[in-house]
Amino acid sequence: MHDLRTGIAIGIDGGGTKTLGILVNAEGREVSRAQAGGANPWDVGPEAARLALQSVIEPLLAGGSVRAVCLGSAGIDRESDLIATEKSLRALLPSTIAINVRNDAAAALGIVGPKRPAMVVIAGTGSISYGESADGKVVRVGGHGAIIGDAGSASALGLAAIRHTANAYDGSEARGLLAEAVIKSLKLRQASDIVLRIQHPNFDVPLVASIAPLVEQAYQAGDRAAKALVEL
C-alpha cells in the first residue's frame with residue numbers, strides 16, 4: 001500500500017479520451033496514480049473535462065502533502081484556453097497548491113529535459129508535432145482536431161473509416177470487412193444513422209477514435225479499404 005503522505009506533486013496528462021494523474025514523491029518516484037475519461041474540453045465539453053480532472057485529483061490529494069500540480073492538456077492552444085483551464089484547475093485545488101498548465105505537447109517535451117533544439121511527436125486521440133529551437137522559438141504542426149486533420153491519430157483513422165462506411169452504404173465504395181465492422185460497432189441500420197450516432201449534438205471525438213482499432217483489424221485481415229487508409 002502506497003503512503004500518499006509522501007507525495008508532493010501531481011502530474012496530469014489530459015487527453016481526448018483518457019486522463020492520467022500520477023502522484024510523485026520528492027525524488028520524482030511514483031507514489032500512486034488515478035485515471036478517468038478525457039479532459040480535452042473541445043472533445044468532451046467543459047463540464048466533462050472538469051469532472052475528469054476532479055476524478056483524478058481527489059484520490060491523489062487524499063491524506064497527502066501535495067505542493068504542486070502540473071496539467072498537460074490537449075486543446076490548450078490559445079491564451080483564452082489556457083486561462084479557462086487554469087481557472088477550472090484552480091477551483092479543484094486548495095489555494096496553497098501551485099499549478100502549472102501547458103499544452104500536452106509542450107509538457108511532453110519537458111520530459112526530454114532542458115536541452116534545445118528538441119521536438120516531440122504525439123499520436124493518440126489526436127496528433128501533433130511540437131518543437132522548440134535553441135533560441136526559444138516554438139514550431140508546431142497538426143493538433144487541429146479530427147475534422148481538419150491530425151494525420152495518423154485515432155480520431156483521424158476512425159473518421160476515415162466512418163466516411164468509408166457512409167460511402168459503402170451509398171454504393172460508391174465496396175462494402176467489405178471494415179465497413180461491416182464499423183456498422184456492427186456503431187449499431188447502424190442505414191447511412192442516415194451515422195450522423196446521428198457520432199454527432200448528438202456535438203461531434204463525439206472519443207467515439208470516433210474508438211473506431212481506429214477496427215481499421216487495424218481489417219488491415220491485418222486484408223481489407224482493401226483499410227489498407228488504403230493505413231498506407232495513405
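We're numbering straight along the sequence, starting at 1.
Between R50 and L92, the closest side-chain pair of non-hydrogen atoms falls below 4.5 Å. Taking the side chain as every heavy atom from C-beta outward, I99 and L71 never approach each other to under 4.5 Å. Between S73 and D104, the closest side-chain pair of non-hydrogen atoms is not below 4.5 Å. Looking only at side-chain heavy atoms (C-beta outward), V215 and V230 come within less than 4.5 Å of each other. Considering only heavy atoms from C-beta on, I57 comes within 4.5 Å of L89 through its side chain. Contact check for L20 versus R33: side-chain heavy atoms found under the 4.5 Å cut-off. Within the 4.5 Å cutoff, side-chain heavy atoms of H164 are placed close to those of L178. Side-chain contact between I183 and R175 is present, with heavy atoms from C-beta onward closer than 4.5 Å.
Among all heavy-atom pairs drawn from L207 and D204, the shortest one is N-OD1, 3.1 Å. Taking each heavy atom of S210 and P213 in turn, the nearest pair found is O-CD, 3.2 Å. For the pair A154 and A212, the tightest heavy-atom approach, listed with the atom from each and the gap, is O-CB, 3.5 Å. Residues S127 and A151 come closest through the heavy atom pair OG-O, 2.8 Å. Scanning all heavy atoms of the two residues, the minimum distance from A107 to G72 falls at CB-CA, 3.9 Å. Counting all heavy atoms, side chain and backbone alike, P206 lies closest to V44 at CG-CG1, 3.9 Å.
Atom NZ of K227 is separated from atom CD of Q220 by 12.0 Å, given to the nearest 0.5 angstrom. Put simply, OG on S153 and CD1 on I122 are 12.0 Å apart, with the number rounded to the nearest 0.5 Å. Here the CG atom belonging to L188 is positioned 9.5 Å from the CD1 atom belonging to I198, to the nearest 0.5 angstrom. To the nearest 0.5 angstrom, E132 atom CD is 11.5 Å from M119 atom CE. Rounding to the nearest 0.5 angstrom, the gap separating the CZ atom in R163 from the CD atom in E173 is 9.5 Å. Of the inter-residue distances, the one linking T17 atom OG1 with N40 atom CG reads 10.0 Å to the nearest 0.5 angstrom.
Of the possible donor and acceptor atoms, none in the side chain of T19 sits under 3.5 Å from a partner among the backbone N and O of A36. Between the side chain of S185 and the main chain of A181, no donor-acceptor pair closer than 3.5 Å is present. In this structure, R140 contributes its side chain and G142 its backbone to a donor-acceptor pair below 3.5 Å. A distance-only check finds a donor-acceptor pair linking the side chain of N103 to the backbone of I76 [under 3.5 Å]. The backbone N or O of L186 lies less than 3.5 Å from a partner atom in the side chain of R197, making a donor-acceptor pair. The main-chain N or O of G113 is found under 3.5 Å from a side-chain atom of R116 such that the two form a donor-acceptor pair. Under a 3.5 Å cut-off, the side chain of S88 and the backbone N or O of A84 do not form any donor-acceptor pair. With D150 contributing its side chain and G145 its backbone, the two residues share a donor-acceptor pair below 3.5 Å.
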side-chain contact (heavy atoms from CB on, under 4.5 Å) assessment of I128 paired with V141 = CA-CA 6 Å; I128 185 172; V141 177; over 6 Å; no
Check against side-chain contact (heavy atoms from CB on, under 4.5 Å), L23 and I8 = CA-CA 7 Å; L23 176 67; I8 65 165; over 6 Å; no
Could you check I211 against V182 for side-chain contact (heavy atoms from CB on, under 4.5 Å), going step by step and ending with a plain yes or no?
-> CA-CA 7 Å; I211 298 298; V182 173; 3.9 Å; yes
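A side chain to side chain contact (heavy atoms under 4.5 Å, CB included) with V120 is found for one member of V112, I111, L109 and no other, namely L109. Among L93, L61, I22, the single residue meeting the side chain to side chain contact (heavy atoms under 4.5 Å, CB included) criterion with I10 is L61.
If you check the side chains of S155 and T125, you find no donor sitting under 3.5 Å from an acceptor. With hydrogens and angles left out, the side-chain atoms of S172 and D170 include no donor and acceptor closer than 3.5 Å.
Residues Y169 and V195 fall into different hydrophobic clusters, defined by Ile, Leu, Val, Met, Phe, Trp and Tyr side chains chained together at heavy-atom separations under 4.5 Å. Hydrophobic clustering of Ile, Leu, Val, Met, Phe, Trp and Tyr side chains at less than 4.5 Å, counting indirect connections, keeps V31 apart from V24. Cluster annotation: Y219 is not connected to L177 through the hydrophobic network of ILVMFWY side chains, with a link wherever side-chain heavy atoms come within less than 4.5 Å. In terms of hydrophobic clustering, with Ile, Leu, Val, Met, Phe, Trp and Tyr side chains grouped at heavy-atom distances under 4.5 Å, L229 and I194 are assigned to a common cluster.
Atom CZ of R90 has more than 12 heavy atoms from other residues, nucleotides or ligands within 6.0 Å.
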